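Down below is the structure, laid out as structure tokens.
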Amino acid sequence: EKGGYDHFMLKEIYEQPRAILDTYRGRLRASQGIIKMAGVDQNIEKFLNANRIIIVACGTSWHAGLVAEYIFEDLARIPVEVEYASEFRYRNPVITDKDIVIAISQSGETADTLAAIKLAKEKGAFVFGVCNVVGSSIARETNAGAYTHAGPEIGVASTKAFTTQITVLTLLALKLAKEKGVFSESRFHEYLAELENIPAKVERALQTNVLVETIAEVYKDSTNCLYLGRGYNFPVALEGALKLKEISYIHAEGYPAAEMKHGPIALIDEHMPVVVIATNRGHYDKVVSNIQEIKSRKGKIIAVVTEGDETVRDLADHVIEVPDTFESLMPLLTTIPLQLLSYHIAVMRGCNVDQPRNLAKSVTVE
Ligand code: F6R
């Protein structure tokens, strides 16, 4: 049932090109120049009149929500707030009937997320679900929604759910950008075309596997690890750190790269591996200076860069290349080597990758 892979997690990492395709196929009608999403089409006025979008989720799904915040604000010009469901539900949030609440959940059973959407509904918000499990509690409680179509995710560490959540939310943002007139026809078409290139580019990002395994060998005995990124790659840094800590039990933290000098830089010495996402679009030069700051403090640098990058290659200890794409689609590619890195480190440490200690696949109690 693991399809020849040693673990479900690895199988699911490798399923991502297909899962992403399954998520947009049938919705993306490039030849007609439209994106079809029934749950959005039926409620389009609500989406177009919304004052803001509030995203509620937990864990990896919350990280997908953070990526979506950048996408919605950047592409569709809609204000977004991203909330941990557990905090949102207990802090007497201001919600009105002009708000759209998007709940993101792979399992569709997360207790805090479910409670958050019940609260939002009581306060009159329109609640939209992005779930993977069909017919799950959250899918049933929401006013409308869109499934991720990732297929069953068995490994406790979420992988293909994350990238397909980002895919669905990108489709939604593009659709709203078009409907609102924020996007020109030609820009919209460029995006549809590039989305269709993503599965093949994810496939190429997966080819870093052999290299990533050799890097894992070097750092498998580390006790700490930092992950840094800016802009669209900041949530990817958070997600990379979460993957490492949950399956390998190495303490890891993700930070926006610029926040380093406000504290975490004190941790850096020759024993500290720092994973930096330094792709060529959006704040590239700033990330390069962050890399220089780490290097001058003897931190070990594992950089995820765009294919052909030369500047970072001269500075970093290890360089992992992913294909180029639009800045807003980059998380779909930069996430891949980080998933593989945590996977290999966990395997080398003898950890139970698919069922890490103390964790459950769906957290149905708060
Ligand atoms: C991380 C992980 C958890 C879940 C979180 C939310 O790999 O699996 O952090 O992302 O428990 O779960 P869902 O998405 O099912 O609501």
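Atoms within a ligand are numbered from 1 in the order they appear, just like the ligands themselves. Here the structure is a predicted model, which is why all the values come from computation and not from measurement.
Protein heavy atom in closest approach to atom 6 (C) of ligand 1: C58 O, 3.3 Å. For atom 7 (O) of ligand 1, the closest non-hydrogen atom of the protein is E246 OE2, 2.6 Å.
Atoms of ligand 1 lying under 4.0 Å from at least one heavy atom of S61, given by number and element, are 10 (O), 13 (P), 14 (O). Atoms of ligand 1 lying under 4.0 Å from at least one heavy atom of V156, given by number and element, are 7 (O), 8 (O). Of all atoms in ligand 1, numbered sequentially from 1 with element shown, those under 4.0 Å from a heavy atom of G59 are 9 (O), 10 (O). Every atom of ligand 1 with a heavy atom of A157 under 4.0 Å away is listed here by number and element: 7 (O). Close contacts between ligand 1 and S105 involve ligand atoms 13 (P), 14 (O), 15 (O), 16 (O) [criterion: under 4.0 Å to a heavy atom]. Atoms of ligand 1 found under 4.0 Å from any heavy atom of K243 (numbered from 1 in listed order, with element): 1 (C), 7 (O).
Between K2 and E12 there is no salt bridge, since no side-chain nitrogen of the basic residue lies less than 4.0 Å from a carboxylate oxygen of the acidic one. Contact check on R313 versus D309 returns no salt bridge, with no Lys/Arg side-chain nitrogen under 4.0 Å from an Asp/Glu carboxylate oxygen. Salt bridge annotation for E239-K243: present, with a cationic side-chain nitrogen under 4.0 angstrom from a carboxylate oxygen.
Considering backbone and side-chain atoms together, Q106 places an N or O closer than 3.5 Å to an N or O of ligand 1.
Of the candidates I138, N132, T60, L242, it is T60 that places a heavy atom closest to atom 4 (C) of ligand 1. With T364, V363, V133 as candidates, the residue nearest to atom 11 (O) of ligand 1 on a non-hydrogen basis is V363. Here atom 12 (O) of ligand 1 lies nearest to T110 when heavy atoms of T110, V56, L114 are compared.
A salt bridge (charged side-chain N to carboxylate O under 4.0 Å, His left out) with D41 is found for exactly one of K46, K175, R27, namely K175.
Proximity of the aromatic rings of Y191 and F183 is defined here by a centroid distance below 6.0 angstrom, and this criterion is met. Centroid-to-centroid, the aromatic rings of Y219 and H271 stay 6.0 Å apart or farther.
The shortest side-chain heavy-atom distance between V276 and I302 does not fall under the 4.5 Å cut-off.
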Run the side-chain donor-acceptor check on residues 120-133: report pairs under 3.5 Å with partners two or more places apart or on a different chain.
unit_1 : atom_1 : unit_2 : atom_2 : d
K121   : NZ     : E141   : O      : 2.6
K121   : NZ     : E141   : OE1    : 3.2
N132   : OD1    : T148   : OG1    : 2.8
N132   : OD1    : A150   : N      : 3.0
N132   : ND2    : Q106   : OE1    : 3.1
N132   : ND2    : G151   : O      : 3.0

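For S158, the side chain to side chain donor-acceptor pair (under 3.5 Å) partners two or more places apart in sequence, or in a different chain, are E153.
Contact annotation: S362 has no heavy atom less than 4.0 Å from any atom of ligand 1.
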